[in-house]
Every structure is written in C-alpha cells, then in structure tokens.
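The analysis underlying the following values was restricted to heavy atoms, covering all of them including side chains, and did not include hydrogens, waters or symmetry mates.
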Amino acid sequence: MVRMPPIAESATLSTASRRSAAPAWLVMLLVCAGQFLVVLDVSVVNVALPAMRTGLGLSELGLQWIVNAYVITFAGFMLLGGRAADLFGRKRIFVLGLALFTVASLGGGLAQQPWQLIAARTVQGVGAAVLSPATLTILTTSFPAGPARTRAIATWTAVGAGGGAVGGLVGGVLTEYLSWRWVLLINVPVGALVLTGAVLWLTESRQGAARRLDVPGALLVTGGLGLVAYGIVQTETDGWASASALLPLAAGLLVIAAFLAVEARAKAPLMPLGLFRLRSVSSANAAMVLAGAAMFSMWYFLSLYVQNVLDYKPLQAGLSFIPHSLSIVLGSKIGPRLMNRLGAKTLAVTGAVISASGMVWQGTMDVNGTYLGTILGPGILMALGAGLTATPVAAIATSGADPADQGLVSGLINTSRQMGGALGLSILSTVAASRIEAGHGAKAALADGYGLAFQVGSGVLLAGIVLMLLALPRRRADVTNG
C-alpha cells in the first residue's frame, strides 16, 4: 500500500471563488477517484502476474518489471509532480496526469509484446506521479482551513488506503472473469469519466511564487535507479562479473552521482541535500529504504506462490489477501495512538520486528503449504508490522525539519520507500530466480525460491532494525524537537 506525500499548504481560494466552484462533495469525489486509481495500480497487477506471464511469454525475472516500471517512475517523478501542480495550476496538472495515466492504461491493456506492457507501465508511473500530488493540493485549496479540510484530507487518506487494500481482490475478479488485460483497461472508462468531470467542474488554482522545475533531477534519479535495478537483474543470468551486469550497474551509479551533483547546485532542487544533515531526516530515510526493500515485495511473491505452487485461481488469490490488507490498514490506523504511548522509535522498531518475524515464518513455505499455516499467519504479521512501522518513521523524518519543509520531507520519506521497494524487488527476484532455475522450475523449486526471497528479505529488515536502534533519535523529545 502506498501512502502519498502531503503537500505543503498553499493559499486557499477566495470565498467568492468557492461559491462559484463545484459543490464540495463533487470536488471530493473527483480528486479521491483519481487518487484511488493511482494507489490501486500499485497492487492490482500482482494477482494478474501469472496470467500476464502466460499471455505475453514473460520470464520469471521479466515479471518484476511490470511492477518496477510503475514504481520507479512513480517515485522518481513524485516530488516533481507536486511542484508542477503549484507552478502551472493544480487543475491543469491533475487533468494532464490523469490523461497520461488513462492513455497508458489503454496501451498496457492492448499490449501484444512484453516491452509494450512495460513501456505502458512506465508511462503510467509518470502519470501517477503527476496526478497524485495534485489531488491533495486541490483538496487543500478547495476546503477552508479547519474541520472541513481535516475531514477532506482524512477521506483522501482513507481512499488511498482502500485502493491499496482492495487491489488484490479487484485484480483477482477482473483476471478470473474477464482477462488480465482488464486490470489495466478498467482504468480507461473510469479515467475518462473523472477526466470529463475535472475539466467541467474543478477550479484552477496555483501558488503565487513561481519556482523552477528540477526536470534534470527527476530524469537522473529515475534513470539511475532503473539502470541499477536492471544491472541487478542481469546478475542472475550472466553473473556479477559479466559486462551485461557491471555496465548498467556502473552507469546507474554514475547517473545517481550526477543527480547528486545537480541537486547540490540547483536553485530549486528536487531533493535539497542540506536536509540530510539533520539526523532525523537522514536516519529515517535510510531506515525507510531498507524497510521498503524488505516489505514491498511481500504481495508480489505471495501472489506468485499461491497461484503457481498452490494452484489458486486469481479470485481465490485476491480473497486470500483480504486479512493481509485489513492488517496493514489496522497497523496504520493504530500507529499514531501507540506512538503517543511508546514513542516513535520504539514503535518503529517493534513494527519492524513483527514484520521480520512474519517474513522468517513465511520463508518456511513449501510445495505442501496450507492457507492457515502458510499464508494467513505470517501474512498478518508482515502486514501489521509494515503498517506499524511507516507512521513513526515518517514522524521522525519530519520532526527536525523546518515547518516550511514538512511537506517536502514527507514527500522524501515516501519516495525513499518506493525506491527501496523497487531495488528490493530487483534483488529478491534475482535471488528467487536463481533458486528456481537450479530446481529446473518445478513447483518445489518455485516454493523454495519464493521462500528464499522472504528469508533474504528478513535479513534486509534485520539490518533496518539495527539501523533504527543505532541511528534514529532515542528519546521521545527528539521526535518533537529534532
């Protein structure tokens, strides 16, 4: 489940403008529908992956790019999308992002070759990164400060959580009763309807002060991350010493170094490096990268395991993940209350330990697994722990930043989670594929490969726990004062 970055509040519309604008409920419906589509598409494809592989002849490693192509571009352009909305107008950017997302969904649903589907998912990610920040800023400029705005943002957050939670079920229903193509094509009529409503009824607003867009920064960080992920994937087939692996890895690291150089000199950088001098920001983002690397792949490998090994139908797979989805929502909801009692650092570590224990348990999966013993128990632990960890780590990240930078730091922590997830999926998919290949792709080998991915993931999360214990602020006061 993805939680979108809050955007720093800007000037609200005047009272006269509000009176001439669309009814508040309609604005809420339009922007929440856009946000629902964005978050849904992070998870809806997971259950459809085996069908996609059969339909397009994707390899075991090629499957990960159906997920990663979306996540990498989403993460790389998310901060840029928020700034573009402030500069060029929230309605205009909302419409642009939704149109791009909808057209890319059509292209993906009609894809006849693997590269066409991956290209469509890449463009979808760019559209989502442009669209999602605009949804929240439209709400903050359409509702007056106070209870009305608080209720609007709470609804937006709940819709986002719901999109992530029901993704598996929606994907299962569409794949089983229609086709895997409909997990993408369903966005077309819904997107067209929301797009029409946005053009007709949303009111334009923008931030008064113009700021430059750091397009080079967004392109460099996205390209660097993609090259590194590609290099990691190539190691499975060609080895770490091969040119096909080393060249993209080296190129990716050079591009990321160029990104850091650009950010250090940019007048309006996408990622102000000075923020990382704050211990709260640097340690929390590092912890979130590791947590994302370990936790993000859970749905991916579980979807493959229950369908490829346990022979679940897509709908059965989607239904089997409902307790997992409810657990991560529960963890996210009770996290703030527990944080007030335990402190942010203690809760973050506790959540990570719970999730790691679930991963260790999940790593014991085999070809004879059962739902109650192999899927339900460890899945609830992993999901609950993920929900409990995200909120306190984000709170620590923003604790030491200037109030004017709160929105930016919140965006950074979510970007770190997505980037960590993309790299983690590349690493864990490569690990799983190597074990599966050694067993010649039999069901037992598939189970061993997916189990090994969870075992390695638990090791990554253990490293994250150690980092949290050593680097995150130690006292409750540190979360308030930085």
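- Side-chain contact between Tyr230 and Ser426 is absent, with no heavy atoms from C-beta onward closer than 4.5 Å.
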For residues 166-180, which side-chain N or O atoms pair as donor and acceptor with protein atoms under 3.5 Å away, sequence neighbours left out?
residue: Thr175; atom: OG1; partner: Gly171; partner atom: O; Å: 2.7
residue: Glu176; atom: OE1; partner: Leu315; partner atom: N; Å: 2.8
residue: Ser179; atom: OG; partner: Arg181; partner atom: N; Å: 3.1

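- For the residue pair Ser303/Asn46, the side-chain donor-acceptor check at 3.5 Å is not satisfied.
- Scanning both residues, Gln124 and Asp41, for their nearest heavy atoms gives NE2-OD2, 2.8 Å.
- Residues Cys32 and Thr135 fail the side-chain proximity criterion, which asks for heavy atoms closer than 4.5 Å.
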Stepwise side chain to side chain contact (heavy atoms under 4.5 Å, CB included) check, Gln362 with Leu381: CA-CA 10 Å; Gln362 193 70 74; Leu381 288 178; over 6 Å; no
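- Sequence neighbours left out, the pairs with a member in residues 446-465 that pass side-chain hydrogen bond (donor to acceptor under 3.5 Å, both in side chains) are Glu60-Tyr450, Asn308-Tyr450.
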Full working for side chain to side chain contact (heavy atoms under 4.5 Å, CB included) between Ile334 and Leu388: CA-CA 8 Å; Ile334 66 175; Leu388 290 173; 3.9 Å; yes
Just do the side chain to side chain contact (heavy atoms under 4.5 Å, CB included) check on Leu290 and Leu461 with the steps written out, would you? CA-CA 6 Å; Leu290 292 174; Leu461 192 51; over 6 Å; no
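- Residues Thr73 and Arg121 have side chains not in contact (no heavy-atom distance under 4.5 Å, counting atoms from C-beta outward).
- Heavy-atom minimum distance, Leu467 versus Ser283: CD2-O, 4.3 Å.
- Counting heavy atoms from C-beta on, the side chains of Ser355 and Thr389 never come closer than 4.5 Å.
- Distance check: Ile66 CD1 to Leu117 CG gives 3.5 Å after rounding to the nearest 0.5 Å.
- The minimum heavy-atom distance linking Ala395 with Met339 is given by the pair CB-SD, 3.8 Å.
- Residue pairs meeting the ring pair (Phe, Tyr, Trp, His ring centres under 6.0 Å) criterion with at least one member in residues 45-73, sequence neighbours excluded: Tyr70-Phe74.
- Among all heavy-atom pairs drawn from Leu273 and Leu260, the shortest one is CD1-O, 3.5 Å.
- For the pair Tyr305 (side chain) and Asp366 (backbone), a donor-acceptor distance under 3.5 Å is present.
- Ser297 places no side-chain N or O within 3.5 Å of a backbone atom of Tyr300 that could act as its donor or acceptor partner.
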Carefully, step by step, assess Val42 and Phe296 under the rule side chain to side chain contact (heavy atoms under 4.5 Å, CB included). CA-CA 10 Å; Val42 177; Phe296 180 83; 4.2 Å; yes
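- Residue Trp299 comes nearest to Ser325 through the heavy atom pair CH2-N, 3.8 Å, listed as atom of the first residue, atom of the second, then distance.
- A donor-acceptor contact shorter than 3.5 Å is absent between the side chain of Arg435 and the backbone of Leu446.
- His324 contributes a side-chain N or O that, together with a main-chain N or O of Ile375, makes up a donor-acceptor pair within less than 3.5 Å.
- Annotation for Gln307 and Val47: closest pair NE2-O, 2.8 Å, computed over non-hydrogen atoms.
- Here the side chains of Leu247 and Gln234 are not in contact, with every heavy-atom distance at 4.5 Å or above.
- Residue Ser429 holds its OG atom at 4.0 Å from CD of Gln64, rounded to the nearest 0.5 Å.
- Residues Leu425 and Val71 fail the side-chain proximity criterion, which asks for heavy atoms closer than 4.5 Å.
- Looking only at side-chain heavy atoms (C-beta outward), Ile72 and Thr222 come within less than 4.5 Å of each other.
- Using a 4.5 Å cut-off on side-chain heavy atoms (C-beta onward), Phe454 and Leu302 make contact.
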